[in-house]
2 protein chains.
Amino acid sequence: MTRKGGVSSKRPTIYDLARIAGASPSAVSSILNGSWEKRRISAATAKRVIRIAQEQGYAVNRQASLLRRDRSHIIGMIVPKYDNRYFGAIAEQFETMARAKGLFPVITCTQRDPELEFEAARELLSYQAETLVVTGATDPDRISELCAASGVRTINLDLPGSKAPSILSDNFGGAKDLTRLILKRATEAFGAAPPLWFVGGRQHDHNSMERLRGFRAACDESGQPFAPQRVLMPGYSPQKAFAAMEGAEIPQQAAIFVNSTIALEGVVRWLNQHPSLKAVRFGCFDWDPFAALLPQNVGMTEQDVTGMLAELFRVIDAGGQSSTAAIKLPCILRPLP
Amino acid sequence: MTRKGGVSSKRPTIYDLARIAGASPSAVSSILNGSWEKRRISAATAKRVIRIAQEQGYAVNRQASLLRRDRSHIIGMIVPKYDNRYFGAIAEQFETMARAKGLFPVITCTQRDPELEFEAARELLSYQAETLVVTGATDPDRISELCAASGVRTINLDLPGSKAPSILSDNFGGAKDLTRLILKRATEAFGAAPPLWFVGGRQHDHNSMERLRGFRAACDESGQPFAPQRVLMPGYSPQKAFAAMEGAEIPQQAAIFVNSTIALEGVVRWLNQHPSLKAVRFGCFDWDPFAALLPQNVGMTEQDVTGMLAELFRVIDAGGQSSTAAIKLPCILRPLP
DNA sequence: CAATGTTGCTCAACCGATTGAGCATGGAAG
DNA sequence: CTTCCATGCTCAATCGGTTGAGCAACATTG
């Protein structure tokens, strides 16, 4: 059996199948994509072609198929990292839900690099993605503009943007609740409210700012002084959080609001190197099953990933007429024993 | 400005650009894909077309481009899960390294569902992936056969297959080292060697079998009895590990070899509900930064993800003539204080 | 001044699937 | 015996880039 100019094997096309089956390429095409009944192809021919396709190991060429069709059903997602539970869960559930909707999910991980984010968005556009979901990007509006120019919908997940619908956690409320819990537990442990640090995140990151606002609100509410020098926002990485801890002068009786499990990695590594600080209490915005078992941890804030993704697909299903207003979902506070 | 039969805006094509620039579509194409010097297009025309492309927000249609070109540069990967550090690191580093090689990585997560694995492989074939990397699949040989029929290379990562090159951790050696460490530490803690459990993984999973073999070798070597009823392999999920622990009658002085952080989630959740077992020691095959801080944890086995991926791309660069023999990489044992 | 080479492009076929239009054939109705 | 319709297909254009072949216009060489 030879195909494609005499070279044997490799990727049969509908033309190969048509020749073998003694049918026309258009018949084969419609049989394989399911439109054969509408096109009045007999069941006998359909059965024969399907058998031959199977024998030949035929797989449609999506490039050719999508070139002609009007919809690609591709939905792209940009994520900053895979290496923590939060984004891992987002990626995994996104794939599952997209597939359940008959879409083809393509996720790409952009390491919080603004240029890579933009390049990845371009690339997904080139692949004719119909929708682009942007998570944890530095400049979502730039991506939204790029996509809008090509008529591609974008939706911001877990970050706000002014040019596209955004789905967010209630970072303010979540942080306020977590701060309250930390203060309560630390006060119980130490007999009095200890100084409270805020560690992790980025100065100009919207989520970080909102969480800091919630942190501050809880401090104010309980009459705790808010000290700007105890706010450490060195960026998202365990190393940076660790380095920031080095610079902070943390007393033996202290409490820490840790902004993300990424920062928590640095914080606990540092605390572990300073056994005199065994009494220090912390709480963390974001959830991790192992971090939840650390003895100094008083509670973790779990973001409602399933809820956010359900909301995401609701917005997608609703079509283009959705507003750019942000949808906020409450977080789940998980106090620890 | 109208394009595509009078409808305004949406996705300009090279034909639109050609019309605007007063050039031919082939000139525009070669300018935008970088082959214009070879095709003797003047720098002036090139500059003009590039400017117009930018103004119009042009992005190449990969579907059309790939249809004609002979190489797609797409490299696919199948991963079972994203929600743990091991596969998170694999996915992330794979993307980074693939991009550095000028490839377009497409990762899909298949939830350890054999049918979904196969479907995902088909799908990646349809997108003209040139290479498919299979991780954690139930039946890698079935996928290898499918791909071989289309002339697509497959490479197994972290699992052995007979139909494609495989890159593996030295599960036997890693498990033997970890078991030794667990026995040593538990003996130190209890004064005598306690009964040793093996928890996690699947009965017919190659990696689990190899680790069990290493576990057993270390038991034999140190004169510890190997008790089959203390081997619990309920499958990969925290819930299953938890349930298995419920059935096991673990004494206060015991030690556990935990096969994967996924199983560890269930094990520690269970241990946490049984405070009388505070003394129980465990070690875990796979690494996690927070699990590493749990007081009962004596050590974790880190698989050499970077090394495996370096090996993977070495095999890919070497081209088709690589053998189907397995390449084994040593694991890194990380003892904990 | 003819032959030759170089520059700067354009033409048209092609990749593989999709799809609107249309063409035989056979049976039923008038 | 014609007309009409249903059935079961095939034809050919098309999607948007890519690429080998080729063509003017001009410069250079003998």
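Since the model is a prediction, treat every value here as computed from it, not as a measurement. Numbered from 1 within each chain, the chains take letters A, B, ... in sequence-line order.
Among residues two or more places apart in sequence or in another chain, the salt bridge (Lys or Arg N to Asp or Glu O under 4.0 Å) test is passed with B/E117 by none. With sequence neighbours excluded, the residues that form a ring-ring contact (aromatic ring centres under 6.0 Å, His included) with B/Y82 are A/Y82. In this structure A/Q54 satisfies the side-chain contact (heavy atoms from CB on, under 4.5 Å) test together with A/I50, sequence neighbours excluded. With sequence neighbours excluded, the residues satisfying salt bridge (Lys or Arg N to Asp or Glu O under 4.0 Å) with B/R314 are B/E311. Here A/R99 pairs with A/E95 under the salt bridge (Lys or Arg N to Asp or Glu O under 4.0 Å) rule; sequence neighbours left out. Applying the side-chain contact (heavy atoms from CB on, under 4.5 Å) rule to B/R68 yields no partners; only residues at least two apart in sequence or on another chain are considered. Qualifying side-chain contact (heavy atoms from CB on, under 4.5 Å) partners for A/R40, counting only residues two or more places apart in sequence or in other chains: none. Residues that satisfy the side-chain contact (heavy atoms from CB on, under 4.5 Å) test with A/K47, not counting sequence neighbours, are absent from this structure.
Comparing the helix axis at one end of the helix from C/dC1-D/dG30 to C/dG30-D/dC1 with that at the other, each defined from 5 consecutive pairs, gives an inter-axis angle of 60° (nearest 10°).
Contact annotation: B/S42 reaches the phosphate of C/dC9 (side-chain N/O to OP1 or OP2, under 4.0 Å). Taking side-chain N and O atoms only, A/T45 has a distance below 4.0 Å to OP1 or OP2 of D/dC9.
One atom, CG of A/L67, and another, C1' of D/dA13, lie 13 Å apart when rounded to the nearest Å. Separating the CZ atom of A/R62 from the P atom of D/dG16 is a distance of 19 Å, rounded to the nearest angstrom.
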How would nucleotides 17-22 of chain D be written as a contact map, 5' to 3', with B for base contact, S for sugar-phosphate-only contact and - for no contact, using protein heavy atoms under 4.0 Å?
BBBBB-

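A/L124 pairs with exactly one of A/I78, A/I74, A/I75 by the side-chain contact (heavy atoms from CB on, under 4.5 Å) rule, that one being A/I78.
For DNA chain C, none of the residues of residues 124-132 of chain A falls under the heavy-atom distance limit of 4.0 Å.
Annotation: side chain to side chain donor-acceptor pair (under 3.5 Å) contacts involving residues 122-132 of chain A, sequence neighbours excluded, comprise A/R71-A/E130, A/E123-B/R62, A/Q128-B/R11.
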